[in-house]
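Quick note: residue numbers are just sequence positions, from 1. Values reported hereafter were calculated over all heavy atoms of this structure, with side chains retained and with hydrogens, waters and symmetry mates removed.
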Amino acid sequence: MLVKTFGSAIIGVNAVIITIEVNVCDGIGLSMVGLPDNAVKESTERIFSAFEQVGCKMSSKKTIINLAPADLRKEGASYDLPIAVGMLAGMNHISAERAELEKYVIMGELSLDGSLRPIRGVLPIAIEARKQKYKGLIVPAANAREAAIVNNLEVYGAHSLREVIDFFNGVGEIEQTIVDTRAEFANNLNHYDYDFADVKGQAGAKRALEIAAAGGHNVIMIGPPGSGKTMLAKRMPSILPPLSLEEALETTQIHSVAGKMRQEDSLLAVRPFRAPHHTISDVALVGGGTNPMPGEISLAHNGVLFLDELPEFKRQVLEVMRQPLEERRVTIARAKMTIDYPATFMLIAAMNPCPCGYYNHPKIACTCPPGAVKKYMNKVSGPLLDRIDIQLEVAPLTNEQLMTSSPGESSAAIRERVIAARAIQTARFAGHPGIHCNAQMNTKLFQRYCVLNARCQQMMSLAMDRLGLSARAYDRILKVARTIADLEGVPDINHEHLAEAITYRSLDRDSWGMV
């Protein structure tokens, strides 16, 4: 008897439907074709054990399992359930005609006792099932809430193979999982663990991060140990504009594919904050591998990627970020396919000014030998610094600032100003798809919206000469000045905006690190 069930495979952050054909016919043995990997081939052992636990005897006939399309590699244990259902229908333990198997996409990993274990990538599978007009989706109960944020699709979360058998035979029910996506999104929006009110002093650093949030600018903070760089970076998501529903779905989809979703999660409503350790590999950072997976920069999509102790990262790891920072996506090329992972993130980096950490410290003397500061700074390449708009020196707190009990300005108050500035930019770039903030401006838009008057041109020329600023700093300064003007709600860049923007290019000065 030939039976068809339907599963799904993940390619990048999207899913494609897989047809599982099971033919129980005359003969002996079991064979599986359709380019399965080892985890899929091993599914038969888990399936046989699960059959025994639910009281279903294996047929003595030959069983042929085909996973179509045959030229697409099938990976992982999530095909256990659709294969098991197909085999049970082929052996008449499930009534194929009554079950309407062709109306459901089925995915899940089986334990030896017949229970279902959670799988990754459920959200893109649910999106594809709805797109292909399937009636419903059957997944492990632990994944049901995640899948249920896709409307117009019946989602059933099963705990065991027995529940699935009874469901298809009409002798038992699986409660449909229903999630009000918009209500869920609204309830979880802007729930942050950190607030800028907790940060004492550092008014200049807070101002710089507000500008960065308003324009989507990348930031590097340089300062001695304990000056508050990490504390400031962790609070960055709390002043960014709230995620839109579309952005939340994109972000959740990536985390789903990477297997980062918790059982209680349905929709990620807070911008992600990723802070990988400096021992990370280039593949783990940008994505890829034997079985391609999203990297940290894709997990930070629509959020913040924080690289602490920047010079301690391997040079190769930092250099592979240059293309994603420009193109806002990661392309993984393989012999048979090319996969794109989205990577629109804000880079926040932090570093000490020298190996000992106390170069330019107002009270503690630097103990580094001559040339050590310059050598330490050179661990971060010029092309990478070229993609960082704001270079910020973070000074250590004085004793008076540290002991004060007065709270600083809250993240909510700062966020209101950021949202207002972003609204101006949204209107400005409304006719330019893919461009949402000043940091993303291309050359044409830069020439249109970053025009300097005569006084500003004179100031810029003087700054380039006196401070030893590099040519690559020019457009970065103007983009930051454009954001400062947006925060003030004025249409044109004036000399005050430009002067402030110039102060945020510390590392471009010829005098930096010359000891």
Side-chain angles (χ1 to χ4, degrees), residues 208-209 212 216-225 229-230 232-234 236 254 258 272-289 292-301 303-333 340-357 359 368 371-394 439-440 470 472-473 475-476 479 504-509 512-513:
L209 293 181
H217 302 288
N218 300 320
V219 180
I220 183 169
M221 294 182 285
I222 308 106
K229 303 184 296 295
T230 301
L232 288 162
K234 286 183 176 180
M236 194 66 185
I254 297 169
F273 179 86
R274 305 294 299 183
H277 193 260
H278 61 258
T279 56
I280 192 172
S281 67
D282 52 348
V283 172
L285 184 66
V286 302
M293 293 283 289
E296 286 292 329
I297 63 175
S298 292
L299 292 171
H301 180 62
V304 174
L305 177 68
F306 176 49
L307 301 183
D308 201 3
E309 306 296 344
L310 188 68
E312 303 303 326
F313 283 80
K314 296 176 184 177
R315 183 70 171 251
Q316 179 183 355
V317 172
L318 295 179
E319 294 306 297
V320 296
M321 283 202 309
R322 286 159 52 179
Q323 181 186 4
L325 281 170
E326 286 291 322
E327 298 184 0
R328 292 180 285 142
R329 71 174 185 272
V330 176
T331 302
I332 308 296
D340 282 339
Y341 292 120
T344 301
F345 62 94
M346 179 182 292
L347 174 64
I348 306 294
M351 60 181 289
N352 294 330
C354 66
C356 79
Y359 176 68
C368 296
V373 178
K374 190 69 173 178
K375 182 178 179 181
Y376 187 74
M377 296 300 300
N378 285 341
K379 288 184 177 182
V380 183
S381 71
L384 179 60
L385 287 176
D386 182 35
R387 290 160 172 83
I388 300 179
D389 299 353
I390 296 178
Q391 301 166 357
L392 174 67
E393 290 186 67
V394 181
Q440 298 171 356
S470 64
R472 69 174 180 260
D475 66 333
R476 302 292 173 178
K479 287 181 180 180
Y504 298 131
R505 296 299 298 187
S506 300
L507 298 184
D508 281 327
R509 299 175 187 175
W512 179 271

Note to self: Given 3.5 Å as the limit, does a donor-acceptor pair link the side chain of Asp308 with the main chain of Ala275, or not?
What the structure shows: no
Margin query: Can you confirm whether Tyr341 sits close enough to Pro324 that some side-chain heavy atom of one is under 4.5 Å from a side-chain heavy atom of the other?
Written below: no
Margin query: Would you compute the distance between atom OH of Tyr504 and atom NE2 of His217 and round it to the nearest 0.5 angstrom?
Written below: 11.0 Å
Notebook entry, point to check: Is it true that a side-chain atom of Arg387 and a backbone atom of Arg322 form a donor plus acceptor pair closer than 3.5 Å?
Noted result: yes
Notebook entry, point to check: Can you name the nearest heavy-atom pair linking Val286 to Val330, along with the distance?
Noted result: O-CG1, 3.2 Å
Margin query: For a 4.5 angstrom cut-off between non-hydrogen side-chain atoms, does Pro311 reach Asn352?
Written below: no
Checklist line | Spacing of Glu312 atom CD and Thr279 atom OG1 [to the nearest 0.5 Å] | finding: 11.0 Å
Margin query: Could you measure the distance from the CZ atom of Arg315 to the CG atom of Asp282? Nearest 0.5 Å is fine.
Written below: 14.5 Å
Notebook entry, point to check: Do side-chain atoms of Arg476 reach the backbone of Asp386 as a donor and acceptor pair under 3.5 angstrom?
Noted result: yes
Check: What is the minimum heavy-atom distance between Pro294 and Ile254, and which atoms define it?
Finding: CB-CG2, 4.0 Å
Notebook entry, point to check: From His278 NE2 over to Leu318 CG, what is the distance, rounded to the nearest 0.5 angstrom?
Noted result: 11.5 Å
Note to self: Test your reading of the model: is there a side-chain donor-acceptor pair from Thr331 to the backbone of Asp340, 3.5 Å cut-off?
What the structure shows: no
Margin query: Using every non-hydrogen atom in the two residues, find where Lys229 and Ala350 come nearest and quote the distance to one decimal.
Written below: CB-CB, 4.0 Å
Next item on the list: Starting at CG of Asp389, measure out to CG of Asp475 and round the result to the nearest 0.5 Å.
Entry: 8.0 Å
Next item on the list: Quick one: pull up CG in Leu307 and CD in Glu296 and give me the separation to the nearest 0.5 Å.
Entry: 9.5 Å
Next item on the list: Taking all non-hydrogen atoms of both residues into account, name the closest pair between Pro355 and Ala372 and its distance.
Entry: CD-O, 4.0 Å
Note to self: With a 4.5 Å cut-off on side-chain heavy atoms, are Ile348 and Leu232 touching?
What the structure shows: no
Item checked: Minimal non-hydrogen separation, Gly357 against Pro225, with atom names -> O-CD, 3.3 Å
Next item on the list: For Pro272 and His301, work out which heavy atoms get closest and say how close.
Entry: CG-O, 3.4 Å
